2 protein chains.
Amino acid sequence: MKPPRPNLSELARHLGVSIATVSNALSGKGRLSPELAKRIRDAADRMGYVPSQAGRALRTGRSGVLGLVLPDIGNPLYPEIAQEIERVATNAGYGVLIANSRDEIAAQDKAIFQLIERGVDGIVIVPRRGTTVPATACPIAIIDTPTTPRNTVSADHFEGGAQVARHLRALGHEKILLIGDDPSSNVQNARINGMRSQLHEAKEIETIWIVEIEAKGGKSCPLGLAAWRARGFSAFACVSDPHALRALTELQSAGIAIPAEATVTGFDNLQWSSFISPPLTTVKMNMPEIATLALDALVEAIQSREASDDTPSPPVTARKAAVPMELVIRRSSGPAPKEQPAAGISQEESKHA
Amino acid sequence: MKPPRPNLSELARHLGVSIATVSNALSGKGRLSPELAKRIRDAADRMGYVPSQAGRALRTGRSGVLGLVLPDIGNPLYPEIAQEIERVATNAGYGVLIANSRDEIAAQDKAIFQLIERGVDGIVIVPRRGTTVPATACPIAIIDTPTTPRNTVSADHFEGGAQVARHLRALGHEKILLIGDDPSSNVQNARINGMRSQLHEAKEIETIWIVEIEAKGGKSCPLGLAAWRARGFSAFACVSDPHALRALTELQSAGIAIPAEATVTGFDNLQWSSFISPPLTTVKMNMPEIATLALDALVEAIQSREASDDTPSPPVTARKAAVPMELVIRRSSGPAPKEQPAAGISQEESKHA
DNA sequence: CTGAAAGCGCTTACAG
DNA sequence: CTGAAAGCGCTTACAG
């Protein structure tokens, strides 16, 4: 007939000691005799004592919970971030409350406010394209790009792009098409700019944005890559693996062999990128490192805010850290083909796409 | 110099009324004059009052937070679940705490315990393959398959498989290869069994499991699909889109045209499935519906537990609901090719893979 | 080395 | 229609 969840008072009564002593024994704070401490801990285990977060939070003013704001949980890029943040936060003793800044305007601000309402001690946020993170009393760590105003930490997208470009140049590609999705994305621009930074000596570099093509052709319309191939473009460097997948299958469907006749590269090293045929050359973020740095900065900001008490101090976590990315070379990238089709044929071939 | 976050007492003092009245005004519980109520709400807004979750939780015994346990957040299948659970939970006034039952043994139980430690009111869990969800005092909703012991709600994977199979039969396919990943997965087995249920009259049906092939050939080894094609198998029905992607690119790389020479189908309608070439025929879960049903059951269990007080009553949410799936026909599936290669050639062609 | 007491912010009977 | 008071479970000075 015992209640399923004893509290401190019951433990204390059961053991014939005071509440304070039990609390001290379990937290290891107050000095008390090792024997008593052990006796108390054993009893707590035996009786299945689980401390009340609510009581603790009310007393200490800290919830032990962090918020995580992601632009779109459905996006294949974010699960890995979520996973790593969850891992690192759990190790640091924090729980992670998720919030989705959906496609509504200002949803991001709303998500942040809801998290604060729930009493989170801090927030990790991956900002939506083109939004600004509002200043709050609550410490916030931002994961975006090194050039984002209050960015805390991010992958070095620019240098990642540079690595891809150097790889393509080393393979002998002279005419390279850069494929982005949305020009308003900080991350995508950093990657594209990084690629361009190494391609000044190439013969011809063009950038296309998928949202612009889809604005005319409709969702999931062909990108017309066979036409670019016919114009002599032999490398298709995409800002993300899903776009690379789209490019790769579009070229393959048009009868263009990868990598013999065209090279395709992506970004992010998504799970399936190594399983497809040919496996995709891509660039991998060091997510464990990024998550660790973001959380370190956040926890530090939380603690320093505690010290300086009620002053609405700037909960700043800016570090500008840029974590190196790693080029993962797989079979989808190969040497540039020697021969180039004549201009006349190119228009023909574009019809296949 | 005002503190950034006023509490009820400060609001009450500021307005010259009692704490209880402010609480009543904001919660709309106690009856009080509309004018006073409005005055109090306005002041609360103006002063930026945010109620303390900790105080409320301690008093009411409810945290307003739900836990979500996913087998592997990195798996591309789960973001959509997470997104929908988050959406529905937010609508119901709950926050969502995530937990990852990683690849360690018993990590799932640990995740559940940590969530309970954090004081969640209930848990939604998508069980890891082959694990059993422990019985707890905390209400748990399980999303797996209709045949899973305490399953609450799930997609009708069996019927989804049946739909794929009927589609393939209608297209005239006679020799069909079913491609699974892991035979210990409840979901995958349900899908495969559903497909088989409609294929008794087909000429030849075989099932291969990727983990078994990889056990011999190593991670991301070829599946040898060109050899199956050469044996006359014209349809490759996979239990999930990533496997379908693997199959589709492997066939395309071997020079087999999709859908002219082979049909490929997947499951789950992942974001990129409509963007690839050819777009993938797949089966879509009704996630909004599944999330809604799971949450309804969970919230009901939470409330009934509250009513029956301290009895560690069975927090059962079993419903056995099977939400219909929707076949999404795209260009990767087409009529079965008429001619079939001779047996002698098949061995040759298998070398391409 | 241990205990009595205050108080975190809220809600909920209950009294007026 | 409004207020005084108790108490949720914990931690933290402080007193002994």
Side-chain angles (χ1 to χ4, degrees), chain A residues 3-41 43-44 47-65 93 116-119 121 306-307 309-310, chain B residues 3-41 43-44 47-65 93 116-119 121 306-307 309-310:
Chain A
R5 281 241 219 157
N7 58 22
L8 272 193
S9 320
E10 281 170 84
L11 259 184
R13 186 151 33 78
H14 181 79
L15 287 159
V17 297
S18 81
I19 284 181
T21 300
V22 178
S23 175
N24 283 334
L26 295 178
S27 67
K29 288 269 177 71
R31 293 156 302 266
L32 43 86
S33 63
E35 308 85 56
L36 217 208
K38 177 157 174 31
R39 197 157 68 89
I40 292 174
R41 277 195 301 268
M47 297 173 67
Y49 170 70
V50 176
S52 153
Q53 277 299 318
R56 181 172 292 170
L58 183 55
R59 173 64 224 229
T60 62
R62 308 211 311 98
S63 64
V65 173
I116 292 176
E117 240 184 336
R118 293 223 169 267
D121 295 333
E306 223 149 78
D309 232 10
D310 54 11
Chain B
R5 281 241 217 156
N7 57 23
L8 272 193
S9 319
E10 281 169 85
L11 259 183
R13 187 151 31 80
H14 181 79
L15 287 159
V17 298
S18 81
I19 283 181
T21 300
V22 179
S23 176
N24 283 334
L26 296 177
S27 67
K29 288 270 178 66
R31 294 155 302 266
L32 42 88
S33 63
E35 309 85 53
L36 216 208
K38 178 159 176 24
R39 198 158 66 86
I40 292 174
R41 278 195 299 268
M47 297 174 67
Y49 170 69
V50 176
S52 152
Q53 277 298 319
R56 181 173 291 171
L58 183 55
R59 173 64 224 228
T60 62
R62 308 213 311 99
S63 64
V65 173
I116 292 177
E117 241 183 337
R118 293 224 169 267
D121 294 334
E306 223 148 79
D309 231 10
D310 53 11

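The sequence lines fix the lettering, A, B, ..., with proteins before strands; numbering per chain opens at 1. A quick note: this is a predicted structure, and the numbers were derived from the prediction, not measured.
- At the heavy-atom level, A:S33 lies under 4.0 Å from the strands shown only through sugar-phosphate atoms.
- Considering only side-chain N and O atoms, B:T21 lies nowhere under 4.0 angstrom from the phosphate OP1 or OP2 of D:dT2.
- To the nearest 0.5 Å, atom CD of residue A:Q53 and atom CG of residue B:L58 are 12.0 Å apart.
- Atom-to-atom, CZ of A:R56 to P of D:dG9 comes out at 14 Å; the value is rounded to the nearest Å.
- The closest side-chain heavy-atom distance from B:L15 to B:I40 is below 4.5 Å.
- No contact: B:A54 has no heavy atom under 4.0 Å from any strand.
- Atom CG in B:N7 sits about 5 Å away from atom P in C:dC10, given to the nearest Å.
- Across all strands shown, D:dA15 is found opposite C:dT2 as a Watson-Crick or G-U wobble partner, with both distances under 3.5 Å.
- Going from atom CD1 of A:I19 over to atom P of C:dT2 covers 16 Å, rounded to whole Å.
- A donor-acceptor pair under 3.5 Å links the side-chain atoms of B:S27 to the main chain of B:S23, judged by distance alone.
- Distance OG/B:S52 to CZ/B:R59: 14.0 Å, rounded to 0.5 Å.
- If you take CG of A:L8 and C1' of D:dC8, they are 13 Å apart, rounded to a whole angstrom.
- One atom, NZ of A:K38, and another, C1' of C:dC1, lie 19 Å apart when rounded to the nearest Å.
- Here C:dG9 is the nucleotide among C:dG9, D:dG3, C:dG3 with the atom lying nearest to any side-chain atom of B:S52.
- Atoms CD (B:E35) and C1' (D:dC1) sit 11 Å apart, rounded to a whole Å.
- If you check every strand for non-hydrogen atoms under 4.0 Å, B:L36 touches sugar and phosphate atoms only.
- Atom-to-atom, CZ of A:R62 to P of D:dT12 comes out at 11 Å; the value is rounded to the nearest Å.
- With D:dA4, C:dG7, C:dG3 as the candidates, the nucleotide lying closest to the side chain of A:R59 is C:dG7.
- Phosphate contact (OP1/OP2 of C:dC10, side-chain N/O of B:S23, threshold under 4.0 Å): absent.
- Looking at the side chain of B:T60, the nearest of the listed nucleotides D:dT12, C:dT11, C:dA4 is C:dT11.
- A straight line from CD of A:E117 to P of C:dG9 spans 17 Å, rounded to a whole angstrom.
- Side-chain contact between B:L26 and B:Y49 is present, with heavy atoms from C-beta onward closer than 4.5 Å.
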